[in-house]
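Data first, discussion second: the structure below is written as structure tokens.
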2 protein chains.
Amino acid sequence: MLAAKTFNQQDRFAHLRELLRSAKHTVKIRKGTFLFQEGMAAAELYLILSGKVQISKICADGKEMCFRICGPGEIVGELTLFTAEPRYLLTAKVIEDGEVAAIKKDDLEQQLLTNPSLTYEYMQWVSTHARRTQTKFRDLIMHGKKGALYSTLIRMCNSYGVKLDNGSILIDLTLKNQDLANFCGTTRESVNRMLNTLKQQGVLSIKRGKITIHDLDYLKQEIQCENCPVDICCIE
Amino acid sequence: MLAAKTFNQQDRFAHLRELLRSAKHTVKIRKGTFLFQEGMAAAELYLILSGKVQISKICADGKEMCFRICGPGEIVGELTLFTAEPRYLLTAKVIEDGEVAAIKKDDLEQQLLTNPSLTYEYMQWVSTHARRTQTKFRDLIMHGKKGALYSTLIRMCNSYGVKLDNGSILIDLTLKNQDLANFCGTTRESVNRMLNTLKQQGVLSIKRGKITIHDLDYLKQEIQCENCPVDICCIE
DNA sequence: AACAAAGTGTGATTTTTATCACTTCGGGAT
DNA sequence: ATCCCGAAGTGATAAAAATCACACTTTGTT
């Protein structure tokens with residue numbers, strides 16, 4: 001969310017982004033550490049300046065459900081805004097060194113409420129986010145695990161995809177089978193088997209941990225995709 | 001959402017509700033008809049005055065995923081707010097005769113942006129909603145179909161539950177096995193078998209289509225419930 | 001009361017998904 | 001080059017869930 005999308009769309013959230021960029025307080029983040037963990041009291045949210053952060057829910061039994069992978073320009077911790085006793089619901093793990101700007105939740109709330117153009121942008125942003133989450137989970141639940149994987153791949157094309165000359169789309173993230181499994185709510189082995197079938201069918205190929213989708217339409221067809229707008233059909 | 005909760009909580013959204021109640025234009029709704037259907041251009045949202053409306057997504061292959069069942073005091077169609085080219089994403093089917101107040105989307109947006117206490121309440125409302133949706137779908141995906149059903153039952157206790165003298169909780173809705181299946185993303189038969197097992201274990205009982213939960217803790221334990229706040233742990 | 005319609009309950013079977021237990025591959029580090 | 005390690009790949013099996021087919025109940029209607 002609030003990402004500098006690879007598939008260009010004009011920036012509907014210019015004021016909001018600008019405000020966040022003006023934050024004075026920045027923090028370096030190191031791979032393997034946590035920006036925050038679920039349950040922690042939350043007083044700040046973060047704008048990623050560089051590096052990558054993975055947002056996920058960690059279960060009591062060790063299972064992990066991954067929601068998004070955030071890069072430069074994205075905000076994390078936004079779900080704590082406008083809540084009475086704010087605690088992080090999710091865990092933010094740093095997966096690539098970088099730096100974040102820390103924004104005090106209270107300050108930001110103040111600004112969002114008092115600056116009209118910010119108010120408007122924020123409402124638009126939250127609304128888009130709600131629609132996105134709803135469609136995403138619908139996909140994850142309604143067409144079995146295969147549907148969950150296909151939907152995840154389609155959304156990743158929209159979130160992290162780079163269009164190649166030959167028309168294929170490179171998902172510009174290094175993803176292990178396990179990572180993908182965590183996005184879909186399935187197992188590493190299942191993901192592996194499904195990916196290999198798709199490889200054999202020529203729907204995609206994988207090189208050095210990066211997936212290239214050759215036949216996006218095939219994936220869309222299989223989950224009865226209705227071609228929702230790109231700002232809805234992406235990873236959170 | 002914005003429901004007059006059966007489990008009392010003070011009304012954090014008093015101004016918002018009041019505004020909506022003041023809408024002049026009301027419409028009678030008849031069981032079996034649709035308040036709106038997905039894909040339709042959306043210019044209004046609705047406050048339910050009486051009757052019941054079911055919000056769901058209908059798939060190309062006939063499958064249905066149910067999101068919520070709304071009664072008096074609840075708003076439907078809110079996902080269209082602050083979107084550029086508004087279309088309903090979901091379908092609202094009337095399941096009990098009643099009446100709704102229709103609110104012009106544009107008017108409401110105007111009010112939400114210009115009246116500060118409304119702005120604040122709306123932001124709180126949307127935020128709560130986002131957290132709720134996220135935790136709900138996490139439950140639906142992470143613990144298999146049994147987890148999906150248990151989570152749905154727990155949330156229904158919070159949304160529609162009436163506490164009985166003996167400590168049990170009556171879910172005050174007439175639900176068919178198929179309805180529950182649509183909430184959980186599973187089949188009627190699976191729901192039936194799971195419910196019967198729970199009956200035998202004394203966890204719940206069913207009388208005239210209404211479920212009473214005797215051992216809520218059992219359900220919570222099975223899905224590693226972390227006792228999130230009631231305003232998060234309910235049906236949308 | 002009799003009947004139809006809708007919904008529930010259940011066995012048998014198939015399909016999907018997870019789990020377990022390995023083997024193989026590929027890219028650093030020594 | 002060789003060793004090592006984490007990840008990928010894969011067969012065998014078990015468990016979970018869906019599907020099919022049909023009997024049984026309940027509910028509402030004439």
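Naming convention: chains lettered A, B, ... in sequence-line order (proteins, then strands); numbering from 1 in each chain.
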(request) Name the closest nucleotide to the A:Arg193 side chain, picking from C:dC20, D:dC20, D:dG9. (result) C:dC20

(request) Name every residue in residues 197-208 of chain A that has at least one heavy atom under 4.0 Å from any atom of DNA chain C, in order of residue number, or write none if there are no such residues. (result) none

(message) Expected output is a numbered-order residue list: members of residues 174-182 of chain B with a heavy atom under 4.0 Å from any atom of DNA chain C. What is it?
(response) B:Lys176, B:Asn177

Under the salt bridge (charged side-chain N to carboxylate O under 4.0 Å, His left out) test, which residues partner [X], sequence neighbours left out?
X: A:Lys31; answer: none
X: A:Lys136; answer: A:Glu236
X: B:Asp215; answer: none

(request) Quick one: list whatever passes side-chain contact (heavy atoms from CB on, under 4.5 Å) with B:Lys28, sequence neighbours left out. (result) B:Glu99

(message) Over the length of the helix from C:dA1-D:dT30 to C:dT30-D:dA1, how much do the five-pair end axes diverge, rounded to 10 degrees?
(response) 30°

(message) Tell me every residue that passes side-chain hydrogen bond (donor to acceptor under 3.5 Å, both in side chains) with A:Thr133, counting only those two or more places apart in sequence or in another chain.
(response) none

(request) Would you tell me whether A:Asn182 and A:Gln178 have side-chain atoms, one donor and one acceptor, within less than 3.5 Å of each other? (result) yes

(request) Could you verify whether a donor N or O on one side chain and an acceptor N or O on the other, from A:Thr91 and A:Glu38, lie under 3.5 Å apart? (result) yes

(message) Which label fits B:Trp125 and B:Phe13: parallel for a plane angle under 30°, tilted from 30 to 60°, or perpendicular past 60°?
(response) perpendicular

Throw together a table of side-chain donor-acceptor distances under 3.5 angstrom for residues 200-213 of chain B, partners on residues two or more places apart or in other chains.
unit_1   : atom_1 : unit_2   : atom_2 : d
B:Ser205 : OG     : B:His214 : NE2    : 2.7
B:Lys210 : NZ     : B:Asp172 : OD1    : 2.8

In whole angstrom, give the distance that lies between atom [atom1] of [X] and atom [atom2] of [N].
X: A:Arg188; N: C:dT17; atom1: CZ; atom2: P; value: 17 Å
X: A:Glu189; N: C:dT16; atom1: CD; atom2: P; value: 18 Å
X: A:Tyr150; N: C:dT17; atom1: OH; atom2: C1'; value: 14 Å

Give every pair of a protein N or O atom and an N or O atom of nucleotides 14-17 of chain D that lie under 3.5 Å apart, one pair per line with the distance.
unit_1 : atom_1 : unit_2   : atom_2 : d
D:dA17 : OP1    : B:Lys145 : N      : 2.7

(message) How long is the straight-line distance from CG of B:Asp179 back to CD1 of B:Ile95, given to the nearest 0.5 Å?
(response) 7.5 Å

(message) Looking at B:Arg87 and A:Glu226, is any side-chain nitrogen of the basic one under 4.0 Å from a carboxylate oxygen of the acidic one?
(response) no

(message) Side-chain N or O of A:Asn196 versus OP1/OP2 of D:dT10: is the shortest distance under 4.0 Å?
(response) yes

(request) Determine: side-chain N/O of A:Asn192 to OP1/OP2 of D:dG9, distance under 4.0 Å, yes or no. (result) yes

(message) According to salt bridge (Lys or Arg N to Asp or Glu O under 4.0 Å), does anything in residues 182-191 of chain A pair up with another residue at least two apart or in another chain? List the pairs.
(response) none

Would you tabulate the side-chain donor-acceptor contacts of residues 139-149 of chain B under 3.5 Å, counting partners in other chains and residues two or more places apart, or write 'none'?
unit_1   : atom_1 : unit_2   : atom_2 : d
B:Asp139 : OD2    : B:Ser151 : OG     : 3.2
B:Asp139 : OD2    : B:Arg155 : NH2    : 3.1
B:His143 : NE2    : B:Ile223 : O      : 3.4
B:Lys145 : NZ     : B:Gly185 : O      : 2.7

